[in-house]
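In what follows, a structure is listed as structure tokens, so that the remarks can point back to it.
Throughout, numbering of the chain's residues begins at 1 and tracks the sequence. Keep in mind it's a predicted model, so treat the numbers as computed, not measured.
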Amino acid sequence: MRDVSREEKKYILTVPGALSLRHALSQVLHLDPHNGPEGYIVRSVYFDTLYDTDFYHKENGEELRKKVRLRLYDPQSKFAQLEIKQKQGPYQRKRTLHLDRETAMSLLAGRYDALLEVPDPFALECYGMLQTQCYRPKTTVEYRRFAFVAPGNEIR
């Protein structure tokens with residue numbers, strides 16, 4: 001499991017503004033090695049409870065909230081990442097578990113017991129949460145990311 005704490009800033013940009021910012025950032029940051037000419041695809045399946053608890057916590061602006069997603073960067077990939085992002089004020093904690101494709105497909109089908117075969121304590125925590133709180137796959141979000149990496153760090 002990978003565990004990262006950080007502060008995220010998000011901005012709405014026009015296309016010309018985004019292109020200008022991309023040029024400026026390319027002068028001081030390294031390009032993400034996964035970028036193609038137009039970046040790369042990010043696809044996430046978000047899970048939520050039967051009553052969309054996590055969604056409503058976000059909509060209501062609650063300070064303490066979380067989201068659960070299964071993410072992949074290439075539709076042909078042999079693995080996916082199960083992530084839990086927890087927000088507290090301006091800070092986020094993201095825990096990531098790398099899963100093989102078969103386990104990821106089991107989660108999409110609602111068979112969370114596949115996590116019991118993953119030798120990581122975080123897998124057992126995810127299993128307990130998904131199972132006892134009745135999480136289900138709810139929505140898919142796909143976008144193209146063009147990323148930069150700061151020298152000496154892996155955060156995009």
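Alongside Phe55, the hydrophobic cluster contains Tyr56 (criterion: ILVMFWY side chains under 4.5 Å).
Of all non-hydrogen atoms in Leu130 and Phe47, the two that sit nearest each other are CD2-CD2, 4.3 Å. Pairing each heavy atom of Arg65 with each of Gly61, the nearest pair is NH1-C, 4.1 Å. Ile84 and Cys126 make their closest contact through CD1-SG, 3.8 Å (heavy atoms, listed as atom of the first residue, atom of the second, distance).
Partners of Tyr135 under the ring pair (Phe, Tyr, Trp, His ring centres under 6.0 Å) rule, at least two apart in sequence or in another chain, do not exist in this structure. The side chain to side chain contact (heavy atoms under 4.5 Å, CB included) search around Glu102 returns Asp100, not counting sequence neighbours. Partners of Arg93 by salt bridge (Lys or Arg N to Asp or Glu O under 4.0 Å), not counting sequence neighbours, listed by chain and number: Asp3.
Taking NZ of Lys66 as the start and CG of Asp54 as the end, the distance is 4.0 Å to the nearest 0.5 Å. In this structure, the separation between CG on Leu115 and OG1 on Thr103 is 7.5 Å, given to the nearest 0.5 Å.
Between Phe146 and Arg22 the shortest side-chain heavy-atom distance falls below 4.5 Å. Put simply, the side chain of Lys87 does not reach to within 4.5 Å of the side chain of Lys67, judged on heavy atoms. Between Tyr73 and Ile41, every side-chain heavy-atom pair lies at or beyond the 4.5 Å cut-off. The shortest side-chain heavy-atom distance between Gln27 and His23 falls under the 4.5 Å cut-off.
Residue pairs meeting the side chain to side chain donor-acceptor pair (under 3.5 Å) criterion with at least one partner in residues 41-53, sequence neighbours excluded, are Arg43-Glu142, Ser44-Arg71, Tyr46-Arg69, Thr49-Thr53, Asp52-Lys138.
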Without placing hydrogens or testing angles, list every side-chain donor-acceptor pair under 3.5 Å for residues 75-82, not counting sequence neighbours.
residue: Ser77; atom: OG; partner: Phe79; partner atom: N; Å: 3.2
residue: Ser77; atom: OG; partner: Phe79; partner atom: O; Å: 2.9
residue: Gln81; atom: NE2; partner: Glu83; partner atom: OE2; Å: 3.1

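Of the possible polar contacts, none joining the Ser20 side chain to the Gly17 backbone as a donor-acceptor pair under 3.5 Å is found. Between the side chain of Asp120 and the main chain of Phe122, a donor-acceptor pair closer than 3.5 Å is present.
Neither Val15 nor Leu21 shares a network with the other; the hydrophobic side chains, linked directly or stepwise wherever heavy atoms of I, L, V, M, F, W or Y lie under 4.5 Å apart, form separate groups for each. Hydrophobic clustering, with ILVMFWY side chains joined whenever heavy atoms are under 4.5 angstrom apart, groups Leu107 together with Met1. Val45 and Leu72 are assigned to two separate hydrophobic clusters, defined by single-linkage of ILVMFWY side chains at heavy-atom distances under 4.5 Å. With hydrophobic clusters built from ILVMFWY side chains whose heavy atoms lie under 4.5 angstrom apart, Met105 shares a cluster with Leu97. Leu116 and Leu108 end up in the same hydrophobic cluster when Ile, Leu, Val, Met, Phe, Trp and Tyr side chains are linked at under 4.5 Å.
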